[in-house]
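Notes follow once the structure below has been shown.
So you know, we letter chains A, B, ... as the sequences are listed, proteins then strands, and number each from 1.
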Number of protein chains: 2
Amino acid sequence: MRSRKPIYEQLVDKMKELIMHEVLKPDEQLPSVRTLATQLTINPNTIQKAYRELEIQGFIYSIKGKGSFVSLNNQTKDIEKIASVMKELEKLILEALYLGIQAGEMIDLIHALDSGKKGGDSND
Amino acid sequence: MRSRKPIYEQLVDKMKELIMHEVLKPDEQLPSVRTLATQLTINPNTIQKAYRELEIQGFIYSIKGKGSFVSLNNQTKDIEKIASVMKELEKLILEALYLGIQAGEMIDLIHALDSGKKGGDSND
DNA sequence: TAAGTGTACTATCATTCGTAATACAGTTAT
DNA sequence: ATAACTGTATTACGAATGATAGTACACTTA
């Protein structure tokens with residue numbers, strides 16, 4: 001029974017969160033494919049698929065024989081990805097407004113996340 | 001070759017956009033399952049699946065024997081859905097900030113979409 | 001009654017997800 | 001060179017999902 005979202009995708013989301021929240025620091029080495037597979041009791045191939053996706057999205061980089069590491073990216077130049085995220089954002093904001101969510105509420109959310117990113121980790 | 005997103009989901013997204021942009025007005029009748037299936041050259045079951053999803057999400061309502069119609073919703077009370085959208089929004093905003101997108105840019109986007117919703121359709 | 005509507009069900013096929021086993025390639029330490 | 005670790009690639013299989021297809025039922029309207 002898949003919880004409607006593939007395991008490898010869940011893993012990608014989780015890792016992205018950890019990286020963006022700086023729980024995983026730049027250049028920090030990630031658990032190896034086989035190690036993590038053992039820890040999570042899932043197949044190494046599933047981990048590898050997640051890692052590959054994370055690498056494509058620019059969140060990690062892998063070196064054969066050495067391991068996988070968190071990217072240094074803080075300011076990406078990937079124009080395609082930025083455009084894609086902005087488009088998603090527009091869709092979601094429109095839906096939120098349609099649902100009756102106030103613009104101010106969303107703006108507050110942005111400010112909270114933005115200051116939390118600059119000022120440091122005060123809360124979670 | 002599926003463009004990585006199911007047809008019925010693409011259809012749901014498309015209809016949601018049309019409804020939110022008020023191209024499809026409240027209480028307006030939608031094409032019947034079979035009619036739309038013929039027009040789009042896809043299976044009636046696929047249309048029905050999309051319509052069912054749209055009904056679950058509160059965008060349309062269907063009456064057996066009569067047809068499917070656009071909901072009047074402008075201010076939903078569906079707390080679960082609002083919470084879900086807010087959570088998605090938070091994830092996406094965080095990723096946008098991580099990519100280097102400025103908070104002000106997102107706020108501008110919100111204002112643009114919000115005024116476009118209240119003031120009427122000046123542009124598209 | 002007839003023709004339109006939504007809805008439900010079963011069957012079939014292709015694709016994807018996840019697992020499994022195996023192999024290859026590169027790094028590091030011995 | 002060897003051993004033990006890393007990432008990567010390939011193939012195979014079973015289960016779940018997406019989409020098609022056909023059929024049937026229930027309701028509304030003329």
Side-chain angles (χ1 to χ4, degrees), chain A residues 1-19 24-73 84, chain B residues 1-19 24-73 84:
Chain A
M1 188 193 324
R2 266 178 288 167
S3 55
R4 94 182 162 288
K5 196 160 203 172
I7 294 177
Y8 81 94
E9 254 186 64
Q10 295 177 38
L11 193 54
V12 167
D13 287 347
K14 202 73 183 176
M15 301 289 284
K16 277 168 67 174
E17 278 181 36
L18 293 177
I19 292 173
L24 296 174
K25 317 274 186 185
D27 279 331
E28 180 174 341
Q29 181 164 11
L30 300 175
S32 79
V33 168
R34 293 172 181 79
T35 300
L36 191 53
T38 304
Q39 285 179 3
L40 302 183
T41 335
I42 54 186
N43 197 280
N45 288 327
T46 305
I47 307 289
Q48 208 271 328
K49 191 168 187 179
Y51 276 18
R52 190 195 311 152
E53 178 63 24
L54 283 167
E55 188 166 22
I56 290 174
Q57 292 192 28
F59 287 89
I60 71 172
Y61 62 94
S62 299
I63 301 176
K64 204 184 291 184
K66 299 196 70 172
S68 299
F69 308 85
V70 177
S71 293
L72 312 98
N73 298 11
S84 160
Chain B
M1 185 193 324
R2 265 179 291 166
S3 54
R4 96 183 160 287
K5 195 161 204 172
I7 293 178
Y8 82 93
E9 255 185 63
Q10 295 178 38
L11 194 53
V12 167
D13 286 348
K14 203 71 182 177
M15 300 289 284
K16 278 167 67 173
E17 277 181 35
L18 293 178
I19 292 173
L24 296 174
K25 317 274 185 185
D27 279 331
E28 181 174 340
Q29 181 164 10
L30 301 175
S32 79
V33 168
R34 294 172 181 79
T35 300
L36 192 53
T38 303
Q39 285 179 3
L40 303 182
T41 334
I42 56 186
N43 197 280
N45 288 325
T46 306
I47 307 289
Q48 209 272 327
K49 192 168 185 176
Y51 275 18
R52 191 195 310 152
E53 178 62 25
L54 283 168
E55 187 166 22
I56 289 174
Q57 292 191 29
F59 287 89
I60 70 172
Y61 61 94
S62 299
I63 302 177
K64 204 183 291 183
K66 298 195 69 172
S68 299
F69 307 85
V70 177
S71 293
L72 312 97
N73 297 11
S84 159

Provide a list of protein-nucleic acid N or O atom pairs under 3.5 angstrom, restricted to nucleotides 10-12 of chain D.
none

[X] side chain, from C-beta outward: closest of [options]:
{"X": "A:P6", "options": "D:dG18, C:dG18, D:dA19", "value": "C:dG18"}
{"X": "A:Y8", "options": "D:dT20, C:dC17, C:dT5", "value": "C:dC17"}
{"X": "B:V33", "options": "C:dC17, D:dT20, C:dG6", "value": "C:dG6"}

* Asked: With sequence neighbours left out, what residues match A:F59 under ring pair (Phe, Tyr, Trp, His ring centres under 6.0 Å)?
  ->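 Partners of A:F59 under the ring pair (Phe, Tyr, Trp, His ring centres under 6.0 Å) test: B:Y98.
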* To do: Determine which pairs satisfy salt bridge (charged side-chain N to carboxylate O under 4.0 Å, His left out) with at least one residue from residues 6-19 of chain A, sequence neighbours left out, and list them in order.
  =>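 Salt bridge (charged side-chain N to carboxylate O under 4.0 Å, His left out) check on residues 6-19 of chain A returns A:K5-A:D13, A:D13-B:K91, A:K16-B:E95.
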* To do: Output all residues satisfying side-chain contact (heavy atoms from CB on, under 4.5 Å) with A:L40, sequence neighbours left out; order by chain, then residue number.
  =>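 A:L40 satisfies side-chain contact (heavy atoms from CB on, under 4.5 Å) with A:L11, A:L36, A:I42, A:I47 only.
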* To do: State, with a plain yes or no, whether a side-chain heavy atom of B:Y8 is found less than 4.5 Å away from one of B:R52.
  =>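 They are not in contact (no side-chain heavy atoms under 4.5 Å apart), so the answer is no.
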* Asked: Does the side chain of B:Y61 reach to within under 4.5 Å of the side chain of B:D27, using non-hydrogen atoms?
  ->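 They are in contact (side-chain heavy atoms under 4.5 Å apart), so the answer is yes.
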* Asked: When you check the phosphate oxygens OP1 and OP2 of D:dT6, does a side-chain N or O of A:T35 lie under 4.0 Å from one of them?
  ->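 The answer is yes; a side-chain N or O of A:T35 sits under 4.0 Å from OP1 or OP2.
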* Asked: At under 4.0 Å, does any side-chain N or O of A:Q48 touch on OP1 or OP2 of D:dT8?
  ->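 Yes, within the criterion.
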* Any residue meeting side chain to side chain donor-acceptor pair (under 3.5 Å) with A:T46, in chain and number order, not counting sequence neighbours ->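 Counting only residues at least two positions away or on another chain, A:T46 forms no side chain to side chain donor-acceptor pair (under 3.5 Å).
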* To do: For A:E55, report the nucleic acid contact type (base, sugar-phosphate, nothing); a contact means any heavy atom under 4.0 Å.
  =>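 Answer is sugar-phosphate: A:E55 comes under 4.0 Å of backbone atoms only.
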* Base versus backbone protein contacts along nucleotides 25-30 of chain D [heavy-atom cut-off under 4.0 Å; B, S, -] -> -BBSS-
